[in-house]
Amino acid sequence: RIKELQDAKASGRKIVGTFCVFVPEELTLAADAVHVGLCSGAEAGFAEAEQLVPRNTCALIKSFIGFKLARLCPFTESCDLVIGETTCDGKKKAYEAFAEHVPLEVLEVPQRKTAADRLLWKSEVLRYKQLLEELTGNQITVEKLQAAIQTVNAKRRALQRLNALRQADPAPISGRDALLINQVAFYDDPIRFTASINALCDQIEERVGKKEGVAPAGTPRLLLSGCPMAVPNWKLPYIVESSGAVIVGEESCIGSRNTRDLVSEEAATMDGMIDALVDRYLKIDCACFTPNQERQDNVRAMVKDLRADGVIHYSLMFCQPYEHEAIKIEKTLSQDGTPMLSIATDYSMEDVEQLKTRVEAFVEMIK
Ligand code: BJ8
């Protein structure tokens, strides 16, 4: 993929890097640019990052800054433009420091969903369109945007199909593999990725038909919910799936929050398509919004659809929005009798044994 990015650059295409599912990939593709996710999931470069942001900043932010300062990430190094966004305070302030190291623009994401917020978000979506046109020298036409909406919807549909297959018991795919797939969704060529996932789903459908699974039927089924898990952050899924449980869904941006909603394909004018994008992206139930009842409802619905026996809520340490919502979600789930384990951790391996003890006790309780 990195070679492909270099080839794309050599042929004059631009690479746009993002940290949030709020940046509309459809517009990037319609400008014939390449869209890549840059969230990072390893502790590399933390010492350098802590020169730019406070120590009590979440690991995801320190990681993307550290990767850049240590020049570790070929995706970041390839970018012609990086798009930040005003979601949590940690990211907002980190982008100020980060702007000295990468060509950066920040999109303003509202924190509420009133009519005024929608207007603000629409103006930002239009500004992003203009930024892309200036960067690439390509005009985003009705035809190009229509095609890009179909491409990204097809990717989301393939991932929805995969998620739906995970309703089966025995679970046909591990949570670790499913997470890796969701992570790759942010890097790979979208058309190739969609074809791969649909081919995988064909195989998984066969496995479901034969009642084949990655763990015996009746294994405790858990939903992971919370902060995004970026490559190579596989710590918690590994702990959960080596503790006698299987993960059946990810309520996260590297998971269902990125794939749940499609953009309406009905509009045939530029303004209509921009409205469709605005509406689709404003459905994202990030914990940065207030109020954010949708996320409570969505977690509940996922538990039901995926027949989960319990939820593991994952917050990155120092992530205020998700740590706050963990308390609310536990209360909501308790109304349905769904048990939840709340975990706040980071990318270090120091707490692995302690987490394993807690997860094993939770799985035993569910059994
Ligand atoms: S839409 S979840 S991708 S902002 S973990 S950096 S919130 S302190 S990542 Fe996110 Fe967009 Fe929302 Fe999704 Fe801040 Fe929390 Fe760190 Fe986070």
Side-chain angles (χ1 to χ4, degrees), residues 1 37 39-43 59-60 63 158-188 193 196-201 203-208 212-259 299 302-303 305-316 340-341 343-349 351-360 362-363 366-367:
R1 184 62 177 144
C39 287
S40 328
E43 274 191 315
L60 189 146
S63 184
L159 287 164
Q160 287 175 356
R161 185 180 164 207
L162 178 66
N163 287 343
L165 286 166
R166 296 168 76 193
Q167 292 170 352
D169 187 22
I173 182 169
S174 70
R176 280 167 289 182
D177 283 344
L179 175 62
L180 181 61
I181 288 166
N182 277 291
Q183 291 168 336
V184 172
F186 288 87
Y187 300 87
D188 200 5
F193 177 82
S196 308
I197 299 310
N198 278 321
L200 177 73
C201 287
Q203 290 175 21
I204 292 180
E205 265 169 16
E206 275 178 38
R207 303 193 76 188
V208 171
E212 285 174 5
V214 290
T219 298
R221 301 162 63 83
L222 298 180
L223 174 71
L224 274 188
S225 170
C227 289
M229 290 179 183
V231 175
N233 176 15
W234 302 300
K235 177 168 106 172
L236 193 53
Y238 178 78
I239 291 171
V240 171
E241 293 195 325
S242 60
S243 300
V246 64
I247 295 165
V248 293
E250 298 75 28
E251 189 277 328
S252 141
C253 284
I254 304 190
S256 66
R257 196 167 301 119
N258 184 37
T259 58
V299 174
M302 280 186 82
V303 168
D305 292 348
L306 295 165
R307 300 190 284 161
D309 301 304
V311 172
I312 296 202
H313 192 281
Y314 159 77
S315 308
L316 275 172
M340 183 183 115
L341 175 66
I343 285 178
T345 184
D346 56 19
Y347 293 169
S348 85
M349 290 298 147
D351 61 351
V352 166
E353 287 308 318
Q354 186 210 1
L355 289 179
K356 191 153 171 56
T357 307
R358 290 181 64 203
V359 171
E360 281 171 353
F362 183 65
V363 172
I366 284 177
K367 276 186 188 163

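Throughout, numbering of the chain's residues begins at 1 and tracks the sequence.
Residue Tyr238 qualifies as open at atom OH: its count of foreign heavy atoms under 6.0 Å is 12 or below.
For the pair Ser252 (side chain) and Ile254 (backbone), a donor-acceptor distance under 3.5 Å is present. Of the possible polar contacts, one joining the Arg221 side chain to the Arg307 backbone as a donor-acceptor pair under 3.5 Å is found. With hydrogens and angles disregarded, no donor-acceptor distance shorter than 3.5 Å links the side chain of Glu251 to the backbone of Arg257. In terms of modelled atom types and a separation under 3.5 Å, the side chain of Lys367 and the main chain of Gly244 share no donor-acceptor contact. Listed for the Ser315 side chain is no donor-acceptor partner under 3.5 Å among the backbone atoms of Ala344. Although no hydrogens or angles enter the test, the distance criterion places no donor-acceptor pair under 3.5 Å between the side chain of Thr219 and the main chain of Val246. Side-chain N or O atoms of Arg166 include none that pairs as donor or acceptor with a backbone N or O of Leu306 at under 3.5 Å. At distances below 3.5 Å, not a single donor-acceptor pair connects side-chain atoms of Glu241 with backbone N or O atoms of Ser174. Of the possible donor and acceptor atoms, one in the side chain of Asp169 sits under 3.5 Å from a partner among the backbone N and O of Gly218. Side-chain N or O atoms of Arg161 include one that pairs as donor or acceptor with a backbone N or O of Asn198 at under 3.5 Å.
A salt bridge is absent between Arg358 and Glu353; no separation between the charged side-chain nitrogens and carboxylate oxygens falls under 4.0 Å. A salt bridge between Lys235 and Asp351 is present, with a side-chain N of the basic residue lying under 4.0 Å from a carboxylate O of the acidic one.
Smallest separation of non-hydrogen atoms from Pro170 and Ala215: CB-O, 3.2 Å.
For the pair Ser348/Glu43, a side-chain contact is recorded, criterion being any heavy-atom separation below 4.5 Å from C-beta on.
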